Amino acid sequence: MTNRLEDVLENSGMAVDIVPVEGELNVGPQHPGSGHMRILVKLNGDIIEDVDLDVGYVHRAVEKLGENRNYMHLIPLVERPAILDSIHMNLGYVMAVEKIINVDVPERAQYLRSFAAEVNRIASHLYGLGILGIFLGHSTAFMWGFGDREVWVHILEMLTGARVTNSYIIPGGVRRDLTPAIIEETKKAITYMRKKLEDWKKIFLYNPTIRARLENVGVMTKEKAIEWGAVGPNLRASGVYYDVRKIEPYAAYPKLDFEIPVYKEGDGYARTMVRFEEVEQSLRMLEQIIKEIPEGNILSDRFFKQIPPTRLKKWWEGYRRIVLPGYYASFRPPKGEAVTRVEAARGELLYYLVSDGSAKPYRLRMVTPSYRLINVMRNLAKGSRFADLVSIYGSLDYFPPEADR
Amino acid sequence: MDKVKEYKKANPFKLFGDHVQAIGTGIKYFVRPQRITLKYPEEALSLPSGYRGLIRLYKDVCIGCTLCAMVCPADAMKMVTQEGKKLPTINYGRCVFCGFCVDICPVDALKETGVHDAAFTNRRDLVFYPDKFNKSYDEPPTERVVKKVKAVVDEKRGIKYVPDE
Ligand code: SF4
Ligand code: SF4
């Protein structure tokens, strides 16, 4: 068959010389298409033989800096690697500190933590979908992703006082309470998002052009996903039911009713579907939180009692805000160590914190979900076509600063 | 445990319909666009109450307890001695606007002003010594009219800007 075709071309004078090209291509290290990372691609024709991810371009030494700062100082620092997912970064770290200083968190604060976390998850997934869109040349998805994310960032801004650098969760509770105005805005945002998701599906998810770029691209089988250490939505898209919110519930998750979307195929399209459905589940959770959130305090009594009464009257009764007692300026936790896990938007986030009894941690270990993706991405890209490199990258939702820390 | 789902593989006969659907949605937004870009600086955003913007000091209220300098994660707040009194001074080149200093001050001598936009021509200007730190910092443009708007969530349009005041 091929011979005959070549003959026909030869005879009609349209023969082409196919010169096999081998070589290396340098992608990055700046946006767009690589994130803040250099990707060295070894090509054979347009098949990727090997990729070398040159990570570390945005490394900030968070772990080492952590040994030179006190426990409160670290809250804004640990948020910085994943600025679009800062609530989760903050939450995991604060949970570790709470384990060491052994403090209980009031029920209402637990619900507020879940509330902020789910709002942040939606914002982060929309960001990821926008990036995937622009990688595939679908600029509309990029604009929509960032435009719709703005709605959730607005809610976080009302709740925490900052758009993305929230520093909202502190040891013992949270800093600000949910007000009726925020509840109103959230309800509207949920209605809006549900409606908009339908249009998202029509223009992006069910769009045959997008499906052609994602289906059967970067397929990760269940066994490989486990072997390579994938986490979060990428793991669940390969048919593994694993979510820290269900396996080791924290905050208000034991009391919330939600499902974990799991897909079998393990390709780029399944990963995108998982993210879409997680947004829907997060909307469900937000509704439940608004309805079921118990009344009460948002800071542990142990610290609440230390706030001067005049300030308590002004801030807590007047503005529903917690102010910090002097304890937080520089506290010395007892000796000890703690390990915590939370399900961040991109997957399992692990903290290991060691206290030697001084005001600064002895060691802070932070394993971020994107860090685990480095290995996954390298393995997935091998053997795929060069044009699919961006599909694989985008569908994994890899975020270089988070991986580099 | 929830069940493992499978998505339907693309059906070649539905492809045409899906294309039409995607283009139709595009046309819908072409006719009724959903724009959220602000024409800054003619239109400026007012920030929600409680926004952690630039900070100001009330010099007479401050008791010089140094808590604010101790809690500052970025070493932006430093204490200086003026006429025998300890007062905080802030370096906006370092400040990360976490608001810890405002929250920890036992006498409420610090306040978040909700001013977010500021430009400096010199790095030294970023350091506010107590006298400059003692007033609200805001330099709105004088020659042009600035329309103040605030962002609200709309059920149909997402973010919407409505005139403030
Ligand atoms: S807002 Fe935060 S970083 Fe800025 S001076 Fe206050 S404590 Fe320091
Ligand atoms: S915490 Fe308040 S009272 Fe104490 S030094 Fe700072 S501004 Fe002054």
Side-chain angles (χ1 to χ4, degrees), chain A residues 69 72-77 140 147-148 150-151 154-155 157-158 160-162 165 167 175-176 185-186 188-189 191-193 195-196 199 202-204 206-209 211-212 215 239 241 246 259-265 269-270 273 308 311 314-315 319 321-326 328-330, chain B residues 1-7 9-10 12 14-19 21-26 28-29 34-37 47-53 65-75 96-108 112 114 151-159:
Chain A
R69 291 264 184 277
M72 280 307 272
H73 293 167
L74 285 182
I75 292 177
L77 181 67
T140 308
D148 289 342
E150 209 56 31
V151 173
H154 170 72
I155 287 167
E157 189 186 42
M158 287 178 78
T160 69
T165 52
S167 305
R175 285 170 78 186
R176 296 183 187 194
E185 293 283 271
T186 314
K188 280 189 208 155
T191 320
Y192 166 72
M193 201 63 223
K195 231 183 280 166
K196 187 71 185 257
D199 283 346
K202 284 183 200 156
I203 209 164
F204 188 73
Y206 301 155
N207 188 335
T209 327
R211 294 191 72 152
E215 271 180 32
Y241 180 92
K246 288 280 191 199
E259 279 165 26
I260 303 297
V262 182
Y263 272 86
K264 189 163 163 248
E265 286 85 354
Y269 197 64
M273 293 286 271
R311 295 199 81 203
K314 177 175 169 193
W315 292 106
Y319 301 97
R321 272 175 68 170
I322 281 296
V323 285
L324 307 175
Y328 285 101
S330 186
Chain B
M1 177 163 158
D2 306 311
K3 80 171 207 303
V4 178
K5 288 180 262 193
E6 276 180 74
Y7 63 81
K9 289 283 182 293
K14 250 190 100 229
L15 281 184
F16 182 72
D18 285 346
H19 271 302
Q21 194 175 254
I23 295 167
T25 313
K28 184 173 136 195
Y29 282 85
Q34 196 187 328
R35 296 195 188 102
I36 62 165
T37 310
L47 297 156
S49 64
Y51 185 84
R52 308 201 302 254
C65 69
T66 74
L67 276 178
C68 54
M70 263 162 81
V71 82
C72 178
D75 288 344
V96 295
F97 302 100
C98 61
F100 285 166
C101 52
V102 179
D103 279 4
I104 209 161
C105 177
V107 288
D108 286 327
E112 285 146 349
V152 292
V153 179
D154 186 77
E155 285 179 8
K156 290 209 181 68
R157 304 182 44 85
I159 284 284

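Note on naming: letters A, B, ... go to the chains in the order of the sequence lines (proteins, then strands), and numbering restarts at 1 for each one. All values reported here derive from a predicted model rather than from experimental measurement.
For the pair B:P73 and A:R69, the tightest heavy-atom approach, listed with the atom from each and the gap, is O-NE, 3.4 Å. Heavy-atom minimum distance, A:S330 versus B:M70: CB-CE, 4.0 Å. Closest approach of B:V153 to A:H154, counting heavy atoms only: CG2-CD2, 3.5 Å. Residues A:I203 and B:A22 share a closest heavy-atom pair of CG1-O, 3.7 Å. Across all their heavy atoms, A:R311 and B:V102 have their closest contact at NH2-O, 3.4 Å. Closest non-hydrogen pair, B:L67 versus A:A329, comes out as CD2-CB, 3.5 Å.
Proximity to chain A (any heavy atom under 4.5 Å) is shown, for B:I23, by neither the backbone nor the side chain. Heavy atoms closer than 4.5 Å to chain B are found in both the backbone and the side chain of A:M72. Neither the backbone nor the side chain of A:A212 comes within less than 4.5 Å of any heavy atom of chain B. The contact between B:C72 and chain A is made entirely by backbone atoms, counting heavy-atom distances below 4.5 Å. With a 4.5 angstrom heavy-atom cutoff, B:I36 touches chain A only via side-chain atoms. When heavy atoms are compared at a cutoff of 4.5 Å, A:L77 does not approach chain B at all.
Note that NZ of B:K28 is 3.5 Å distant from CG of A:D199, once rounded to the nearest 0.5 Å. Considering OG1 of A:T160 and CZ of B:R52, their distance stands at 5.5 Å, rounded to 0.5 Å. Note that the CZ atom of B:F97 and the OG1 atom of A:T165 stand 9.5 Å from one another [nearest 0.5 Å]. Separation of atoms OH (B:Y29) and OG1 (A:T140) is listed at 11.0 Å; rounding is to 0.5 Å.
Of the residues considered (B:C68, B:C105, B:A69, B:S49), B:C105 shows the highest number of contacts with chain A, using heavy-atom pairs under 4.5 Å. Of the listed residues A:F204, A:Y192, A:W315, the one with more heavy-atom pairs under 4.5 angstrom with chain B than any other is A:Y192. For the options B:V96, B:T37, B:I159, B:D108, heavy-atom pairs under 4.5 Å to chain A are most numerous at B:D108.
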**Message:** Would B:I104 and A:Y328 count as a side chain to side chain contact (heavy atoms under 4.5 Å, CB included) here? Give the steps.
**Reply:** CA-CA 8 Å; B:I104 209 161; A:Y328 285 101; 4.3 Å; yes

**Request:** Apply the test side chain to side chain contact (heavy atoms under 4.5 Å, CB included) to residues B:L15 and A:R211: give CA-CA distance (whole Å), side-chain angles for both, the deciding distance (0.1 Å), then the verdict.
**Result:** CA-CA 10 Å; B:L15 281 184; A:R211 294 191 72 152; over 6 Å; no

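Using a 4.5 Å heavy-atom cutoff, the side chains of A:P208 and B:F16 are not in contact.
With salt bridges taken as basic N to acidic carboxylate O contacts below 4.0 Å, none links A:K202 and B:D18. Using a 4.0 Å cut-off between charged nitrogen and carboxylate oxygen, A:R175 and B:D103 count as a salt-bridge pair. Ion pairing between B:R35 and A:E150 fails under the 4.0 Å rule for side-chain N and carboxylate O.
In this view, B:Y51 and B:H116 satisfy the ring-ring contact (aromatic ring centres under 6.0 Å, His included) rule, not counting sequence neighbours. Residues that satisfy the salt bridge (Lys or Arg N to Asp or Glu O under 4.0 Å) test with A:D148, not counting sequence neighbours, are A:K196.
When the shell of 6.0 Å around NZ of A:K195 is examined, it contains more than 12 heavy atoms from other residues, nucleotides or ligands.
A:H73 contributes no side-chain N or O that, together with a main-chain N or O of B:A74, makes up a donor-acceptor pair within less than 3.5 Å.
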